[in-house]
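Note that the structure is a prediction, hence the values are computed from the model and not measured. Only this structure's heavy atoms are used, side chains among them; waters, hydrogens and symmetry mates stay out.
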Amino acid sequence: MCNPALRLSIVIPTLNESAALPLLLADLAPLLGTLAEVVVSDGSSTDDTVAIAVAAGARVVVAPRGRGAQLREGAAAARGSVLAFFHADIRLDAVAIAVLAELLSTEGVKRDAWAFRLRIDGAARAYRLVEAGANLRSQLFGLPYGDQGLIVSRNRYAAVGGYAALPLMEDVALVRSLRPSGSVRLLSAHVLVSPRRWERDGVWRRSSRNLVLLGRYLTGTSPDTLAREYEQTPSH
């Protein structure tokens, strides 16, 4: 149930994120207390993720494994009037925290949905091209991905039915459902994203595969089909 005195609920889906989660929770610490809460929606981690979350003062809910389902369960447990969804492997610097806190005091947080700009935590020149493409896509088409974070009022989130329990494309599905009732806008600050997925898969292979998945989803391929194919790729 929404608590009007609690302005922000930060929802983080996790699965064995004991290395990354403490860093994000430390970044978010200045917001916690009367302004914000953290809800960690865990998909049955086998490492210390849950213990780390509890020690940091987060509330933990156990959800069926899968980012869409975990985000949905986390949002259902959240009590704030504004919801912020962050992946566990991102970082928010002091500027991003300040921009987020300022957004909460504006009417824009009720009218529009918001995402951060993307920055990848790596020096490779290829990352700068990936960032530029992601930020351009977000600016021109109002289509940020989940690793950029998403901030939306509880009322708008509920009005479109929230996150669907999809195995892939849960972020794209939600953003597309939000656009008819208001803009999806980029904040001036960035989130710093771990390069681990690009390092594992290769920058261009990962980026091109993401584009193919998005294109197929937008032209009607079901997320279940895409997820089965994604799981079968050797680099996953």
Side-chain angles (χ1 to χ4, degrees), residues 2 4 6-13 27-28 31 35-36 39 67-68 71-72 74-76 78-87 90-93 95-120 128-166 168-193 207 210-211 213-220 223:
C2 178
L6 187 65
R7 193 73 177 112
L8 178 68
S9 290
I10 300 162
V11 179
I12 306 170
D27 293 343
L28 296 172
L31 295 173
L35 178 65
V39 178
R67 187 170 282 153
L71 288 165
R72 187 175 183 86
R79 299 174 296 190
S81 57
V82 177
L83 305 174
F85 301 96
F86 293 135
H87 291 182
I90 71 166
R91 303 291 308 276
L92 285 85
D93 63 14
V95 173
I97 292 293
V99 167
L100 178 56
E102 182 180 0
L103 176 64
L104 297 176
S105 66
T106 70
E107 288 299 307
V109 76
K110 299 178 183 178
R111 182 181 63 250
D112 299 319
W114 300 80
F116 285 93
R117 297 174 188 273
L118 180 73
R119 183 171 295 174
I120 301 169
R128 308 291 83 84
L129 296 176
V130 174
E131 295 163 359
N135 295 328
L136 184 64
R137 180 196 67 238
S138 303
Q139 193 124 34
L140 292 181
F141 303 110
L143 196 62
Y145 286 167
D147 54 7
Q148 294 171 245
L150 182 70
I151 301 99
V152 61
S153 73
R154 175 181 291 278
N155 288 340
R156 282 197 68 200
Y157 176 87
V160 301
Y163 275 104
L166 299 176
L168 278 179
M169 296 295 162
E170 77 291 332
D171 47 358
V172 176
L174 178 60
V175 167
R176 293 181 77 202
S177 69
L178 288 167
R179 288 190 305 191
S181 59
S183 299
V184 180
R185 303 179 62 183
L186 273 184
L187 293 164
S188 59
H190 66 265
V191 291
L192 190 64
V193 179
S207 298
N210 285 347
L211 284 174
L213 288 171
L214 175 62
R216 293 182 62 195
Y217 172 70
L218 294 177
T219 54

Treating Glu170 as the side-chain partner and Ala164 as the backbone partner, does any N or O pair qualify as donor plus acceptor under 3.5 Å? no
For Arg119, I'd like to know if atom CZ has over 12 heavy atoms of other residues, nucleotides or ligands within 6.0 Å. no
Judged by atom type as modelled, is there a donor-acceptor pair below 3.5 Å linking the side chain of Asn135 to the main-chain atoms of Leu118? yes
Can you name the nearest heavy-atom pair linking Leu31 to Leu35, along with the distance? O-CB, 3.5 Å
Donor-acceptor contact present, side-chain Asp27 to main-chain Arg91, <3.5 Å: no
Arg185: salt bridge (Lys or Arg N to Asp or Glu O under 4.0 Å) partners, not counting sequence neighbours: Asp112
Return the CH2 to OG distance between Trp114 and Ser153, rounded to the nearest 0.5 Å. 12.5 Å
Polar side-chain atom of Tyr163 near backbone of Arg67 as donor-acceptor pair, under 3.5 Å: no
Can you confirm whether Leu143 sits close enough to Leu214 that some side-chain heavy atom of one is under 4.5 Å from a side-chain heavy atom of the other? yes
Can the positive tip of Arg137 be found less than 6.0 Å from the middle of the six-membered ring of Tyr145, inside 45° of the ring normal? yes
Closest non-hydrogen atoms of Ala96 and Asp93, given as atom of the first, atom of the second and distance, are N-OD1, 2.9 Å
What pair of heavy atoms forms the shortest contact from Ala78 to Val39, and how long is it? CA-CG2, 4.2 Å
Examine distances only and state if a side-chain atom of Gln148 and a backbone atom of Val191 form a donor-acceptor pair shorter than 3.5 Å. no
Side chain proximity check, Phe116 to Leu100, heavy atoms < 4.5 angstrom: yes
CZ (Phe141) and CZ (Arg179) are apart, to the nearest 0.5 Å, by 9.5 Å
Is there side-chain contact between Val160 and Arg156, with heavy atoms separated by less than 4.5 Å? no
Are any of the side-chain heavy atoms of Asp171 and Asp147 separated by less than 4.5 Å? no
Donor-acceptor contact present, side-chain Arg154 to main-chain Gly80, <3.5 Å: yes
Determine whether Ser9 and Arg79 satisfy the following criterion, side chain to side chain donor-acceptor pair (under 3.5 Å), listing intermediate values before the conclusion. CA-CA 6 Å; Ser9 290; Arg79 299 174 296 190; over 6 Å; no
Verdict with supporting geometry, Ile90 and Leu192, side-chain contact (heavy atoms from CB on, under 4.5 Å): CA-CA 5 Å; Ile90 71 166; Leu192 190 64; over 6 Å; no
Minimal non-hydrogen separation, Leu92 against Phe86, with atom names: CD2-CZ, 4.0 Å
Out of curiosity, Leu150 CG to Leu83 CG, how far, rounded to the nearest 0.5 Å? 9.0 Å
Minimum side-chain heavy-atom gap Leu168-Leu166 below 4.5 Å: no
At what distance, to the nearest 0.5 angstrom, does CG of Leu174 lie from CZ of Arg72? 10.0 Å
Assess the residue pair Met169 and Leu213 against the criterion (side-chain contact (heavy atoms from CB on, under 4.5 Å)); give the C-alpha distance rounded to whole Å, side-chain angles, the decisive distance to 0.1 Å, and a yes or no. CA-CA 9 Å; Met169 296 295 162; Leu213 288 171; 3.6 Å; yes
What's the shortest heavy-atom distance between Val11 and Pro13, and which atoms? O-CD, 4.0 Å
For Pro144 and Ser138 the tightest heavy-atom approach is CA-OG, 3.4 Å
For the atom pair CG (Leu28) and CD1 (Ile97), what is the distance rounded to the nearest 0.5 Å? 5.0 Å
Value for CZ (Arg7) from CG (Leu104), rounded to nearest 0.5 Å, stands at 6.0 Å
For residues Phe85 and Val152, determine if any side-chain heavy atom of one lies less than 4.5 Å from a side-chain heavy atom of the other. yes
